[in-house]
Amino acid sequence: MDLMEKNLELIEVQKLEGHTDRVWNAAWNPVSPILASCSGDNSVRIWEQSSLSRSWSCKTVLEETHTRTVRSCSWSPSGKLLATASFDGTTAIWEDLGDEFECISTLEGHENEVKSVSWNASGSYLATCSRDKSVWIWEVLGGNEYDCASVLNGHTQDVKMVLWHPTLDVLFSCSYDNTIKVWWSEDDDGDYQCVQTLDESTNGHSSTVWAISFNAAGDKMVTCSDDLTLKIWGADISMMHSGEGYAPWTHLCTLSGYHDRTIFSTHWSSDDIIASGAGDDAIGLFVDSKQHDPVNGPSYNLLLKKEKAHEMDINSVQWSPSKESRLLASASDDGMVKIWQLETTP
Amino acid sequence: MVSGLINENPTVYERKERRVRTDSTNSDEFSVEPIDQLEIFDILFFDFAFINIHHIRDIRDPEHPYSLEQLKVLTEDSVEVDDLKSYVRVTFTPTVEHCSMATIIGLSIRVKLMRSLPPRYKIDIRVAPGSHATEAALNKQLNDKERVAAALENPNLVEMVDECLSPSFE
């Protein structure tokens, strides 16, 4: 299946209106046709797809909990819990009870705005990060209990995003200090340390790094930045799976010249398409060129660029986990969430 | 909080006369005028007679009652605008090289433009090259959208910004 050979278009399926301020993040539920979005209006909206009409509507609004902007949201691997990170310094955990959501716990500790939250692959750990420069790891105990397991210091500035590796308990964070840090507990005793820092000296970004995303296999990752580039990184993770110690990440490729404003979000689909969303109001889609260059390594081509996908900055792009169709959600400063479908035009 | 003023004796310049636009050849009331440098300049400096554009007079230096124009913090050359690209860049000169008020001034300029320009506009704010000790750090902070958003949720900061912009609400 060579995507580059087809005429592909990103078609707008539906526009989800309702938020009364910018939408910062959108997250697909891993098991059901549900989408969560969070906003500067201090609320989280849960959108559900009707099995009959296939259209999306707002099922519920989670409000009156966070007292400031909700910056990001993340579903647990089981799809039953939703974590929401807020500028009010807290992270709320919500349980889907069917007809409503209940806030079952509030994680406190960060000194100021929480920017991002991420669940590990098994749902046994949560990670959060903040403008206070720290990354916190929380252990998920039974009975709606969450315990702070670790406070990780190392970044010298505001931490923008945290993300657990898709298969290993390795944590990644990216920051206003222009670096990406990798955190690992070698003895698996919960004692996480920073085992690698990807900075300018290792072909890293030259300005704030806003987001990270892994491919399905977990052996490649893409990062995006205020320096207007996307960078692809790779690691020999089979080494880590077989317990041979830490496998370092190396720079593979830099994608530049596609966006002329800060790239706020990037997401790698399960069928290998990288999406980007930026301050130029455009969505970019990239694929591996499949040119096997032994010297320069892999290279990526622009599949398509959707200009004016929104009327204002795009803050988040997320591929749906659904295998049926290539759906992409985007969230913007214009207050909208849009659902797109990548289709071949006849 | 520093008790004394950081810049006790600022140099005050003459205020320019308000300019009257003479190119009123377009009599179609529904036509949209492209936004140009003069208009942005006026947004930052003067009142306007047009009913549908609420521009304010001046932005004040937080330490002094004089306007940013009078203190030469902003000049005509401060504004670069491209209406077709919906882009504006404002370059300002803080009154003192180590002026900690530069963040408030920069934030005020951004808020003023955000409130006056159509939402399609991309706004970049920076300090004039060579005018501030921590120029790069200041520029980065002034243009980090998330940091600006969080700052504008801080009631104390919002109050200071509104103070700077207050001559407009007379």
Side-chain angles (χ1 to χ4, degrees), chain A residues 21-22 24-25 39-42 66-72 85-89 112-116 130-132 156-161 175-178 206-211 225-227 259-262 264-265 278-281 308 310-316 332-336, chain B residues 32 34-35 80-91 102-104 106-107 109-127 129 132-161:
Chain A
D21 201 302
R22 69 188 354 143
W24 281 108
N25 194 213
S39 166
D41 65 13
N42 306 354
H66 285 302
T67 54
R68 285 182 60 181
T69 286
V70 189
R71 177 61 181 88
S72 79
S86 169
F87 283 2
D88 66 14
N112 46 50
E113 301 94 55
V114 189
K115 305 288 177 97
S116 172
S130 160
R131 179 169 63 86
D132 68 9
T156 56
Q157 294 275 1
D158 181 12
V159 190
K160 299 298 196 186
M161 182 175 174
S175 165
Y176 184 102
D177 68 11
N178 308 351
S206 55
S207 190
T208 301
V209 189
W210 282 94
S225 166
D226 177 61
D227 69 8
H259 289 291
D260 56 9
R261 301 287 295 178
T262 304
F264 291 108
S265 176
D280 59 6
D281 312 345
K308 276 283 166 256
H310 280 271
E311 321 225 321
M312 294 172 75
D313 290 10
I314 295 171
N315 299 316
S316 173
S332 165
D333 276 358
D334 65 12
M336 304 286 162
Chain B
V32 178
I35 293 167
E80 294 161 65
V81 61
D82 184 332
D83 193 53
L84 289 173
K85 291 192 180 143
S86 305
Y87 176 74
V88 61
R89 182 165 72 173
V90 176
T91 304
T103 309
I104 302 289
L107 203 54
I109 293 170
R110 180 178 288 283
V111 169
K112 177 54 195 150
L113 290 176
M114 272 162 52
R115 289 177 184 168
S116 312
L117 296 172
R120 62 184 163 91
Y121 259 83
K122 306 297 178 188
I123 301 165
D124 281 346
I125 313 285
R126 62 170 189 168
V127 286
H132 196 273
T134 60
E135 186 178 313
L138 189 53
N139 287 340
K140 192 172 183 180
Q141 195 173 65
L142 289 173
N143 293 292
D144 181 314
K145 177 175 83 173
E146 189 185 64
R147 293 288 279 265
V148 170
L152 294 176
E153 285 187 352
N154 176 336
N156 295 326
L157 257 172
V158 173
E159 200 183 308
M160 288 184 80
V161 166

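The structure presented is a predicted model; accordingly, all values stated were derived computationally and were not measured. In what follows, chains carry the letters A, B, and so on, assigned in the order in which the sequence lines appear, proteins first and then strands, with residues in each chain numbered from 1.
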- Give a yes or no on whether the backbone of R147(B) and the side-chain of R131(A) come within a donor-acceptor separation of less than 3.5 Å. no
- Query: Should D226(A) and K140(B) count as an ion pair when the cut-off is N to O under 4.0 Å?
  - Reply: no
- For the student: nearest non-hydrogen atoms of R68(A) and A150(B), plus distance: NH2-O, 3.1 Å
- Query: Most heavy-atom pairs under 4.5 angstrom with chain B, which of F87(A), W210(A), Y176(A)?
  - Reply: Y176(A)
- Going from OG1 on T67(A) to CD on E153(B), what distance comes out if it is rounded to the nearest 0.5 angstrom? 8.5 Å
- Salt bridge or not for D144(B) and K160(A), using N-O below 4.0 Å? yes
- Query: Which bit of A136(B) is near chain A, if near means a heavy-atom gap under 4.5 Å: side chain, backbone, both or neither?
  - Reply: neither
- What one should report as the nearest heavy-atom pair of A149(B) and W24(A) is CB-CZ2, 4.1 Å
- Is it the side chain or the backbone of E113(A) that comes within 4.5 Å of chain B heavy atoms, both, or neither? side chain
- In terms of heavy-atom contacts, does CD of E311(A) have more than 12 from other residues, nucleotides or ligands at under 6.0 Å? no
- Query: Do T262(A) and K145(B) come within less than 4.5 Å of each other through their side chains, counting heavy atoms only?
  - Reply: no
- Item | Closest approach of R261(A) to I123(B) (non-hydrogen atoms, all atoms of both residues) | NH2-O, 4.1 Å
- Item | Side-chain touch D313(A)/K122(B), heavy atoms, less than 4.5 angstrom | yes
